[in-house]
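What follows is a short report on a single structure.
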Amino acid sequence: MELLNNLWFGLQVAADPINLLYCFLGVFLGTVVGVLPGIGALAAISLLLPLSYHIPPTAAIIMLAGVYYGAQYGGSTASILLNLPGTPSSAVTCIDGYPMARNGKAGVALFVTTIASLAGAMSGLVLLTLFSPVIAEVGLKFGPAEFCSMMLLGLVAASSVSSGSAPKGLAMMVFGLLLGMVGTDINSGVARFAFDVPELTDGINLVALAMGLFGIAEVVRCIKSADANRKIEKISLRSMAPSREEFRATVKPMARGSALGSALGALPGVGPSIAAFMAYAIEKKVAHDPSRFGKGAIEGITAPESANNAAAQTAFVPSLSLGIPGDAVMAVMLGALIIHGIQPGPMLISEQPALFWGLVVSFAIGNIMLVILNLPTIGLWVALLRIPFAWMYPAILVFVALGVYSVNNNGFDIYLVTALGVMGYLLMVLRFEPAPLLLGYILGPLMEEYLRRAMLISRGDPMVFIERPISATLLAMTAALLLWALWSTLRGNLRARRQLAALQAAAD
């Protein structure tokens, strides 16, 4: 009964005309920012932060939050249509979303992405509403050892993200780890692998890496063949709706992605990107035919999209309940709260009930607004594919350059994304998938940081990873995943030998 009273109170706050206006403004700007490759929610929220000084605190936070989760919706559009990840978390959507668009299924891909995003967001919202205090307590039990073990589990799963061979996926993951080591060491302050280039002391720009590997590499690959190979579908409401088989194939991945994203998003420092990649890896592991992934498997879209949107909602749990920002975007959000004299932490719900419950209910309203905004514009977005690529390529490269430059206002990043694009094209020619590299780059520095913290706290005793129950469980899951992958490889090789022997016997 108390929960219902709180939700009713939050609905009254969120339904205020001023709050509704700023909610719509936030989700609209978030969608636009997500579609534009490379800009991201962080830049948009940072630019809107001065505006929040002049509006009521609740409206300001609702608007900034709308930009954050609205960008998750828009980020998939450029990923599916142009192989340009609008946000880092939507990079995994390129793997199967872009092949679907090339096969004439762009409308279906965008439709199921919108539905999956809504399902994931609502699942995260339910978890945020019902279990915020419990999730906050669980989050406090995660120390450096637990986070390190969880990152290791993610890295092992990363080798299965690629649609090629497992050794190539593992090699790309290790390459991503090496790229993640470039920059200044957080403990010693010494520059590593910067080669006396001052711009590399801050590390390789994640946006430049994603844009180069997926965007520029694809532009180079498609210069001669894109117009000949792509199929343009006629957009109608019926053509956007998935078939019965496609709908059935999305239900379970959507549920698994929503659950995983809701859980991971509530952990400080994880965020939507890791949730999306891990959801994709799980779907490929449980699929009856993993070879379909990377060629337009609809599960490869719905699982990561529901996961990153669920994580975007539950990311507010540690930020609001504990005052611990999960990523840079949440840090800016906390800064906006503090500017308005609101202190995040365990007392926020009791001291600022109008802000908390109004924000929670605005999430539901904002996600419904996003569906209303996105579904009617699917035909408009797909119409982009009718533009000759000879005209589109210069615009794509301009957007990539502007998006990369806007992150740090540094011209060096434009040269960096160009070099990474050339590298991405060479890897594509050699049939190395970029997704494990990107996940290795994201998880590697985090795992190193938590490993060092755990070893410092335990005075160098590695048994801390076994003695802590949560960490031991995660390591056991990692070992089980490795054994299962080894068994699957051996079983596949044995089956191939039997088939070859049968063919030879038949020929004799």
Side-chain angles (χ1 to χ4, degrees), residues 1-31 34 41 45 56-76 112-135 254-255 257-259 261-263 265-266 272 275 302 305-321 329-330 333 337 348-349 352-376:
M1 183 60 68
E2 182 182 358
L3 177 61
L4 293 177
N5 291 334
N6 289 331
L7 290 176
W8 175 249
F9 176 58
L11 178 60
Q12 292 176 313
V13 175
D16 182 273
I18 295 297
N19 293 335
L20 283 176
L21 173 63
Y22 282 103
C23 180
F24 176 80
L25 179 63
V27 298
F28 175 76
L29 291 176
T31 302
I45 291 175
T58 302
I61 302 304
I62 286 175
M63 178 186 67
L64 297 179
V67 174
Y68 179 55
Y69 60 80
Q72 309 303 322
Y73 276 76
S76 60
V112 297
T113 293
T114 303
I115 301 303
S117 298
L118 178 65
M122 290 303 179
S123 300
L125 181 59
V126 170
L127 195 68
L128 175 65
T129 303
L130 297 178
F131 305 111
S132 250
V134 177
I135 294 173
M254 203 181 299
S258 299
S262 299
T302 54
E305 283 299 316
S306 57
N308 68 32
N309 281 274
Q313 306 296 319
T314 55
F316 286 88
V317 173
S319 300
L320 298 178
S321 302
V329 177
M330 286 293 106
M333 296 284 292
L337 285 173
L348 176 68
I349 299 177
Q352 300 286 340
L355 172 68
F356 180 82
W357 293 109
L359 183 62
V360 167
V361 176
S362 77
F363 289 161
I365 296 174
N367 279 280
I368 294 172
M369 288 180 177
L370 283 166
V371 173
I372 296 173
L373 279 172
N374 280 269
L375 287 182

Could you pull out all donor-acceptor pairs under 3.5 Å where a side-chain atom in residues 112-121 meets a protein atom, sequence neighbours excluded?
from	atom 1	to	atom 2	distance (Å)
Thr113	OG1	Ala109	O	2.7
Thr114	OG1	Leu110	O	2.9
Ser117	OG	Thr113	O	2.7
Ser117	OG	Asn309	ND2	3.1

Pair up each side-chain donor or acceptor in residues 10-21 with any protein partner under 3.5 Å, not counting sequence neighbours, and list the distances.
from	atom 1	to	atom 2	distance (Å)
Asp16	OD1	Ile18	N	3.0
Asn19	ND2	Val13	O	2.7

Would you tabulate the side-chain donor-acceptor contacts of residues 364-371 under 3.5 Å, counting partners in other chains and residues two or more places apart, or write 'none'?
from	atom 1	to	atom 2	distance (Å)
Asn367	OD1	Tyr73	OH	3.0
Asn367	ND2	Phe363	O	2.6

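Scored by the side chain to side chain contact (heavy atoms under 4.5 Å, CB included) test, Ala310 finds Ser262 as partners (sequence neighbours excluded). Leu25 pairs by the side chain to side chain contact (heavy atoms under 4.5 Å, CB included) definition with Tyr22, Leu29, Met63, not counting sequence neighbours.
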TODO: Could you please spell out the steps behind the side chain to side chain contact (heavy atoms under 4.5 Å, CB included) verdict for Leu125 and Val360?
DONE: CA-CA 7 Å; Leu125 181 59; Val360 167; 3.7 Å; yes
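We find the OG1-OH distance between Thr31 and Tyr69 to be 10.0 Å, quoted to the nearest 0.5 Å. Summarising the geometry, atom CD1 belonging to Ile61 is positioned 13.5 Å from atom CZ belonging to Phe356; distances are rounded to the nearest 0.5 Å.
Across all non-hydrogen atoms, the minimal contact from Gly261 to Thr314 is O-OG1, 3.6 Å. Closest approach of Ile62 and Gly358 over heavy atoms only: CD1-O, 4.2 Å.
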